[in-house]
Asks: 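Sending over a structure as structure tokens; questions will come in a sec.
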Amino acid sequence: MIRTIVITVMLTGAFFLTGCSNDTGTDRLQKVGLLLETTIDDQTWNRKGYAGLISIRDTYDVEMFVKEEVQNRSEINRAVDELVKNGVNLIFGHSNVYGRPFVEIAPEYPHVHFVYFNGGHWEDNVTTFNFNTHAMGFFAGMVAGKMTTTNHVSIIAAYEWQPEIEGFYEGVKFQNADAQVRINYVNDWNDEGTALDVYNTEKNEHVDVFYPASDVFNEQIVTKASEDNLYAIGYMEDQSQIDPDLVLTSTIQHVEKLYTYAAEQYNDEALTGGVETFDFQDGMVAMGPYSDDMPGYFQTIMHEAVNTYIESNLLPNEHAID
């Protein structure tokens, strides 16, 4: 069942939505809405989306609406209709599942702009934001290749198509040609149980560095590695607070910044339909702090490699080819 939360600029609590109708025929941001497949406190990905919406509320003094557990087409249609009737003219769908439905219903709401993540569908008033995750995977791989003592490292990903998987493999091999890269797919962003089963299998195969590349189960894997005195590389957010020594670094996607970016673009009448991709060069992807377990000279190498990529768009293995 869809649950709706309304938060205004004047209160910090939450309450159920009551209906009212407002004109959305304006190019200025009036109210902002967010659709989630699950809940606002469902791990890293949703937390970052919710934080982005809070930032819009605080920056632009607008009312915000959050609709949780919006998963199928009929629920999306109903949620969007309710948001628009309540004056929302910028709607975020915090997943790629919203792409096709947004494109199909967008012509019915020409004064509303729709934004969703990690997809390829777009319309005049539908924008999708994507992260280029190959490079962040490469840098995570460099760290894993350097810090493994068993020459067994593992990436536990959600899906085979994730670009960070190939990047991780290339980064490990660039740094340590002798290291074995064990690649695993859970085939679900949310399946924490299967991810932990994979982790335990990999641990028994002498893996000593883990990279959990998923929006949801990354925190569980990093925490378990810490409990087992093994290294991990955080994903999506800075996870060094879990264990500042055993979390070697984190590959951070600043999802929340894209929310304020979209609102700013919308207010400037510069938010157009299409596919936009973000990387280190845009400040939307970054590496987290490095563990003191990493040698100081290698931390310097990593900083230089990231900065060179920002300036040249070339990864260290591409420089080597040149």
Side-chain angles (χ1 to χ4, degrees), residues 132-189 191-236 239-240 242-243 245-252 287-288 290-295 297-299 301-302 305-306 309 314-321:
N132 182 357
T133 57
H134 180 92
M136 75 179 202
F138 185 95
F139 294 129
M142 285 183 65
V143 171
K146 174 64 179 178
M147 295 302 294
T148 180
T149 59
T150 65
N151 276 343
H152 287 74
V153 303
S154 174
I155 179 170
I156 304 176
Y159 293 101
E160 185 177 359
W161 53 260
Q162 292 175 246
E164 55 268 44
I165 297 170
E166 181 181 2
F168 183 77
Y169 179 87
E170 292 176 357
V172 172
K173 289 298 185 178
F174 173 81
Q175 187 63 41
N176 181 355
D178 295 327
Q180 179 181 346
V181 184
R182 300 176 63 88
I183 301 174
N184 304 274
Y185 314 112
V186 175
N187 293 313
D188 193 303
W189 294 113
D191 191 346
E192 299 171 14
T194 298
L196 287 171
D197 288 343
V198 171
Y199 166 85
N200 287 321
T201 298
E202 295 294 77
K203 181 181 69 172
N204 292 334
E205 294 295 331
H206 308 294
V207 169
D208 63 349
V209 185
F210 289 88
Y211 183 42
S214 169
D215 300 341
V216 174
F217 58 71
N218 58 75
E219 189 171 321
Q220 282 70 30
I221 299 301
V222 172
T223 299
K224 193 68 172 67
S226 172
E227 293 171 354
D228 292 336
N229 200 35
L230 297 170
Y231 284 129
I233 297 169
Y235 186 84
M236 185 67 62
Q239 294 179 321
S240 60
I242 295 175
D243 191 320
D245 295 320
L246 293 177
V247 177
L248 295 171
T249 187
S250 300
T251 56
I252 302 170
M287 301 299 291
Y290 297 110
S291 164
D292 287 342
D293 279 14
M294 285 177 54
Y297 78 88
F298 188 69
Q299 293 186 38
I301 289 173
M302 290 302 305
V306 172
Y309 175 67
L314 294 175
L315 291 167
N317 60 337
E318 295 167 325
H319 279 290
I321 292 174

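Bear in mind the structure is a predicted one, so any value in this text is a computation, not a measurement. Excluded from the calculations below are hydrogen atoms, water molecules and symmetry mates; all remaining heavy atoms, backbone and side chain alike, are included. In this chain, numbering begins with 1 at the start of the sequence shown.
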Asks: Given side chains that start at C-beta, do those of M236 and I252 come closer than 4.5 Å, heavy atoms only?
Replies: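 No. Closest side-chain heavy atoms not under 4.5 Å.
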
Asks: Checking side-chain contact (heavy atoms from CB on, under 4.5 Å) between K224 and each of D228, I221, V222, which is the one that passes?
Replies: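 Result for side-chain contact (heavy atoms from CB on, under 4.5 Å) with K224: D228.
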
Asks: Check the angle between the aromatic planes of F174 and F138 and answer parallel, tilted or perpendicular using the 30° and 60° thresholds.
Replies: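 Judged by the thresholds at 30° and 60°, the geometry between F174 and F138 is tilted.
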
Asks: Starting at CD1 of I155, measure out to CD1 of I183 and round the result to the nearest 0.5 Å.
Replies: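 The distance works out to 7.0 Å.
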
Asks: Given E164, which of Y211, Y235, Y169 fulfils the side-chain hydrogen bond (donor to acceptor under 3.5 Å, both in side chains) condition?
Replies: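 The residue from Y211, Y235, Y169 that satisfies side-chain hydrogen bond (donor to acceptor under 3.5 Å, both in side chains) with E164 turns out to be Y235.
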
Asks: Output all residues satisfying salt bridge (charged side-chain N to carboxylate O under 4.0 Å, His left out) with E170, sequence neighbours left out; order by chain, then residue number.
Replies: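 If we apply the salt bridge (charged side-chain N to carboxylate O under 4.0 Å, His left out) test to E170, skipping adjacent residues, there are no hits.
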
Asks: Going by atom types only, do S291 and D245 share a side-chain donor-acceptor pair under 3.5 Å?
Replies: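 The answer is no; no qualifying pair exists.
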
Asks: Who passes ring pair (Phe, Tyr, Trp, His ring centres under 6.0 Å) against Y185, sequence neighbours left out?
Replies: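 Listed in chain order: nothing, the list is empty.
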
Asks: Which heavy atom in S154 sits nearest to a heavy atom in E202, and how many Å separate them?
Replies: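 That would be OG-OE2, 3.1 Å.
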
Asks: Measuring only between side-chain heavy atoms, which start at C-beta, is Y199 closer than 4.5 Å to I156?
Replies: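 They are in side-chain contact.
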
Asks: For Q175 and F139: C-alpha separation, side-chain torsions, deciding distance, then whether side chain to side chain contact (heavy atoms under 4.5 Å, CB included) applies.
Replies: CA-CA 10 Å; Q175 187 63 41; F139 294 129; over 6 Å; no

Asks: Side-chain contact, heavy-atom cut-off 4.5 Å: Q180 with N151?
Replies: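 They are not in contact (no side-chain heavy atoms under 4.5 Å apart), so the answer is no.
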
Asks: I need the single residue from T133, V153, V143 that forms a side-chain contact (heavy atoms from CB on, under 4.5 Å) with F168. Which is it?
Replies: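 By the side-chain contact (heavy atoms from CB on, under 4.5 Å) criterion, F168 pairs with just one of T133, V153, V143: V153.
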
Asks: Flag the pair F217 / W189 as yes when their ring centroid distance falls below 6.0 Å, and as no otherwise.
Replies: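 No.
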
